[in-house]
Amino acid sequence: MQRIGVFVCHCGTNIAGTVDVRAVAEALGKEPGVVFSTDYQYMCSEAGQNIIKDAIKEHSLTSAVICSCSPRMHEATFRKAASAAGLNPYMVEVANIREQCSWIHKDKATATEKAVVLGRAAVAKVQLNAPLKAGETPVTKRALVIGGGIAGIQTALDIADAGFEVDIVEKQPTIGGKMTQIDKTFPTLDCAACILTPKMVDCAQNEKIRIYSYSEVSAVKGFVGNFSVTIRKKARYVDELKCTGCGICTEKCPQRKVPNEFNLGMNNRSAVYIPFAQAIPKVAVIDPDYCMMLKSGKCGVCSKVCGTGAINYKQEDEFIENRYGAIVVATGYNPISLENYDEFAYSQSKDVITSLEFERLTNAAGPTSGTLLRPSDGKHPHTIVFVQCVGSRESPPCTKGGKEYCSKICCMYTAKHAMLTREKYPDTDVYVFYIDVRTPGKNFDEFYRRAAEQFGVHYIKGMVGKVAPMPDGTLSVQGSDLIEGKQLHISADLVVLAAAIEPDKSARPLATMLTASMDTNDFFTEAHPKLRPVESPTAGVFLSGACQGPKDIPETVAQAGAAAAKVIGLLAKDKLTGNPCIAHPDELMCNGCSSCEKVCPYGAITYVDKEFRGPNRTTLIRRVASVNEAVCQGCGACTVACPSGAMDLKGFSNSQIMAEVDAICR
């Protein structure tokens, strides 16, 4: 018979405000096997933990039930306290009477009754608990960063500076991400390329960093400390070791009418190209959708003019498998598609553009060499209207593909665009239609006020209802001024839409491979929004940059450093303590159906042939499941899938779960 101790936490008024904790402690003290029951204001505090330790020693407790907040918060705390008092840490059960009880009830009697039931279920389960011992697994001293934008670059540099090897996988032909397309950065207005390019070069020259550009992650197996990742390195049709980046092939290529994705299709490039001047690696890539040699076998000009013989039309995709101890997701973001926002005439007029397209028009390396010209006729615009929150902060259901959340960066980059336009072209009138101006960062509000007050940008609180192309080439902008209480009609030469941002499309399939959690907007979910903001709920997977939520460059760099610190802390360990709550099969019940093997996300289950004694001492060979305890992470998927009930989970066995159900139904 177990000797169980029950400890009920007040959690200040979080629990005690709705639950009569003393009544709960008294009721649970009468349960079979319970020899000690008490309550305390903050059980997770040092004094509360000492109560647990002292009770374990004084009452010779063999197990403990803590009625407190979610085990995600403090289960590790209470297990350490029990272990310090000589009790096996897996003889501790946590009954969640805060999130699952006090926070969702208003009636004290109802909440108290439910708290007793939850505690009673935990007592019933702990009766069947058995001491477990965690195993150890070695740590692979290498990290993988998925995404080569500023988030991935900063994360990789910080990990490499700590002495660990790190690989960057970037799906584009070059690292750099969205920041390479930006002209200036707020609020300092320094050149984006000037501060990004040195970091890109550092990545290329750092002996600890290996860059897999034009590559994608195609499969992930394993677990924290021991991930096995398959990387698909797409065919460039150019040998990276031979190419010098001279650019002769790009100049001589006869197919020169390919939309340039780096400039968002506002000019053309050749079929063989280097994305931009500072590309890392500076290696050409052939676009198979437009290359005449790859499509029809007729041309070969680039091969003839290449002095190093780097062109290889027969090159194929390469699959590389590497092992990593930790994985950092830095997949970034993209502006949403505006094809459903016809009221702004985005698909009707070349002079209605997105903010990122405006960046390219003002960038010295852009399609107009930094001169702000209208895309339709190449003339200088004298009236520009900026429209905020296009696709952001929409009320659900967002039928046009917009987003419910604030994209966070739009107010500031619009202020930047307006300020730079007025500074360079004083003859241009600039209007900004906004719902609210959100400038929460350091020096951000001062930056916005400077645009409005010093540079004379017209900020109008209201929304644009319609943009209509006019016969004379201008754009008729109809909007409302909520402060003045009137409708406005502005004849504009250029309209710039601040489109909402969303996670990159690669995030969802990647999350499936990593068994990582995502929210309804496809942002990666952190393990805890306040206490573990850069960790995924999946052990060994960390988050960096806009893949976790909208953020600007300074915040992205800060989070990248935080993610790197977590990775360094993991890779610094030689061994990791495993989870002893793992699956184990009853070989006598197993029928060898393979159902558990098919659902295991970690590949921990295989099948072996075993000898069994049959009737009349005959020897039978049966196919049964075998679990690799070092690989199993205790997710429980196999126990649900097993049709014969042969698979069970240590610490969460079928008998323990049923004991909880019986206790609840009493």
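Please read these numbers as outputs of a predicted model, since none were measured by experiment.
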Original post:
Is a side-chain donor or acceptor of S218 paired with a backbone partner of T230 at a separation under 3.5 angstrom?
Top reply: yes
Subject >> T362-H417 side chain donor-acceptor pair, cut-off 3.5 Å >> reply: no
Original post:
Hey, does the side chain of T250 reach the backbone of G247 with a donor-acceptor pair shorter than 3.5 angstrom?
Top reply: yes
Subject >> Verdict with reasoning, Q181 to F276, per side chain to side chain contact (heavy atoms under 4.5 Å, CB included) >> reply: CA-CA 10 Å; Q181 297 173 292; F276 55 93; over 6 Å; no
Subject >> Step-by-step side-chain hydrogen bond (donor to acceptor under 3.5 Å, both in side chains) determination, E216 to S506 >> reply: CA-CA 9 Å; E216 296 177 352; S506 63; over 6 Å; no
Subject >> Side-chain heavy atoms of V390 within contact of I336, under 4.5 Å >> reply: no
**OP:** Return the minimal non-hydrogen interatomic distance between C249 and V272, and the atom names on each side.
**Re:** O-CG1, 3.4 Å
Subject >> Y346 side, atom OH; S337 side, atom OG - distance, nearest 0.5 Å >> reply: 8.0 Å
**OP:** Compare every heavy atom of M412 with every heavy atom of P187, then report the nearest pair and how far apart it is.
**Re:** CB-CE, 4.5 Å
**OP:** Measure the spacing between CD of E357 and NZ of K350 and express it to the nearest 0.5 Å.
**Re:** 12.0 Å
Subject >> Carboxylate-amine/guanidinium contact E394 K400, below 4.0 Å >> reply: no
Original post:
How about V495 and F344: do any of their side-chain heavy atoms sit closer than 4.5 Å?
Top reply: no
**OP:** Check whether any side-chain heavy atom of S407 lies under 4.5 Å from a side-chain heavy atom of S392, and answer yes or no.
**Re:** yes
Original post:
Just by modelled atom types, is the I274 backbone N or O under 3.5 Å from a matching donor or acceptor in the R269 side chain?
Top reply: no
Original post:
Is the backbone of T515 close enough, under 3.5 Å, to the side chain of T538 for a donor and an acceptor to pair up by distance?
Top reply: yes
**OP:** Taking the six-membered ring of Y333 (Phe, Tyr or Trp), confirm whether the NZ or CZ of K178 is under 6.0 Å from its centre and within 45° of its axis.
**Re:** yes
Original post:
Considering only heavy atoms from C-beta outward, does the side chain of V328 approach that of L543 to under 4.5 Å?
Top reply: no
**OP:** Examine distances only and state if a side-chain atom of Q172 and a backbone atom of T174 form a donor-acceptor pair shorter than 3.5 Å.
**Re:** no
Original post:
Has the side chain of S480 got a donor or acceptor atom that lies under 3.5 Å from a matching backbone atom of L482?
Top reply: no
**OP:** Heavy atoms only: give me the nearest L373-L361 pair and the separation to one decimal.
**Re:** O-CD1, 3.9 Å
**OP:** Kindly indicate, with the supporting measurements, whether the criterion side chain to side chain contact (heavy atoms under 4.5 Å, CB included) is fulfilled by C203 and L157.
**Re:** CA-CA 7 Å; C203 273; L157 286 172; 3.9 Å; yes
**OP:** Report the C-alpha distance between L372 and F358 in whole Å, list the side-chain angles of each, state the deciding distance to 0.1 Å, and finish with yes or no for side chain to side chain contact (heavy atoms under 4.5 Å, CB included).
**Re:** CA-CA 8 Å; L372 182 58; F358 187 86; 3.7 Å; yes
**OP:** Answer yes when D436 and K461 have at least one side-chain N-carboxylate O distance shorter than 4.0 Å, and no when they do not.
**Re:** yes
**OP:** Look only at the side chain of D519 and the backbone of D522, and say whether a donor-acceptor pair between them is shorter than 3.5 Å.
**Re:** yes
**OP:** Identify the two heavy atoms, one from L196 and one from I153, that lie closest to each other, and give their separation to 0.1 Å.
**Re:** CD1-CD1, 4.1 Å
**OP:** Taking S270 for its side chain and K252 for its backbone only, find out whether a donor-acceptor pair lies under 3.5 Å.
**Re:** no
**OP:** For the residue pair L494 and P375, establish whether any side-chain heavy-atom pair is separated by less than 4.5 Å.
**Re:** yes
Subject >> Separation between NE2 of H458 and CZ of R422, rounded to the nearest 0.5 Å >> reply: 6.5 Å
Original post:
Judged by modelled atom types alone, do R236 and S213 share a side-chain donor-acceptor pair under 3.5 Å?
Top reply: yes
Subject >> Shortest non-hydrogen separation from A345 to V467 and the atoms involved >> reply: CB-O, 3.4 Å
Subject >> 4.5 Å side-chain heavy-atom contact, E170 and I211 >> reply: no
Original post:
Salt bridge between R532 and E526, side-chain N to carboxylate O under 4.0 Å?
Top reply: no
Original post:
Just by modelled atom types, is the T383 backbone N or O under 3.5 Å from a matching donor or acceptor in the D493 side chain?
Top reply: yes
**OP:** Could you tell me whether the side chain of C398 reaches within less than 4.5 Å of the side chain of K403, counting heavy atoms only?
**Re:** no
Original post:
Does the side chain to side chain contact (heavy atoms under 4.5 Å, CB included) test come out yes or no for Q548 and F523, once each step is laid out?
Top reply: CA-CA 5 Å; Q548 182 257 338; F523 288 112; 6.0 Å; no
Subject >> Nearest-0.5 Å distance that lies between atom CD1 in I168 and atom CD1 in I175 >> reply: 5.5 Å
Original post:
Would T155 and S544 count as a side-chain hydrogen bond (donor to acceptor under 3.5 Å, both in side chains) if you check the C-alpha gap in whole Å, the side-chain angles of each, and the deciding distance to 0.1 Å?
Top reply: CA-CA 8 Å; T155 302; S544 179; 3.0 Å; yes
Original post:
Can you tell if the side chain of C291 reaches within under 4.5 Å of the side chain of I286, non-hydrogen atoms only?
Top reply: yes
**OP:** Hey, could you give me the CG/CZ distance between N260 and R360, rounded to the nearest 0.5 Å?
**Re:** 8.5 Å
**OP:** Grab the two heavy atoms, one from A151 and one from T556, that are nearest each other, plus how far apart they are.
**Re:** CB-CG2, 3.5 Å
**OP:** Examine the side chains of S376 and D351 and answer whether a donor and an acceptor come within less than 3.5 Å of each other.
**Re:** yes
Original post:
Going by the salt bridge (Lys or Arg N to Asp or Glu O under 4.0 Å) test, which pairs reach into residues 549-565, not counting sequence neighbours?
Top reply: K408-E555
Original post:
Which pairs with one or both residues in residues 467-515 pass ring pair (Phe, Tyr, Trp, His ring centres under 6.0 Å), sequence neighbours excluded?
Top reply: none
Original post:
Say you draw a straight line from NZ of K171 to CD1 of I146; how long is it, rounded to the nearest 0.5 Å?
Top reply: 12.0 Å
**OP:** Give the ring-plane orientation class for Y448 versus Y459, where under 30° counts as parallel, over 60° as perpendicular and anything between as tilted.
**Re:** perpendicular
Original post:
Just by modelled atom types, is the A271 backbone N or O under 3.5 Å from a matching donor or acceptor in the Q255 side chain?
Top reply: no
**OP:** Could you check F444 against F186 for ring-ring contact (aromatic ring centres under 6.0 Å, His included), going step by step and ending with a plain yes or no?
**Re:** CA-CA 8 Å; F444 283 10; F186 59 80; 5.5 Å; yes
**OP:** Evaluate the salt bridge (Lys or Arg N to Asp or Glu O under 4.0 Å) criterion for residues D167 and R210: first the C-alpha distance (whole Å), next the side-chain angles of each, then the deciding distance (0.1 Å), finally the verdict.
**Re:** CA-CA 5 Å; D167 294 349; R210 180 166 50 185; 3.2 Å; yes
Original post:
Can E359 and K416 be counted as an ion pair, charged N to O under 4.0 angstrom?
Top reply: yes
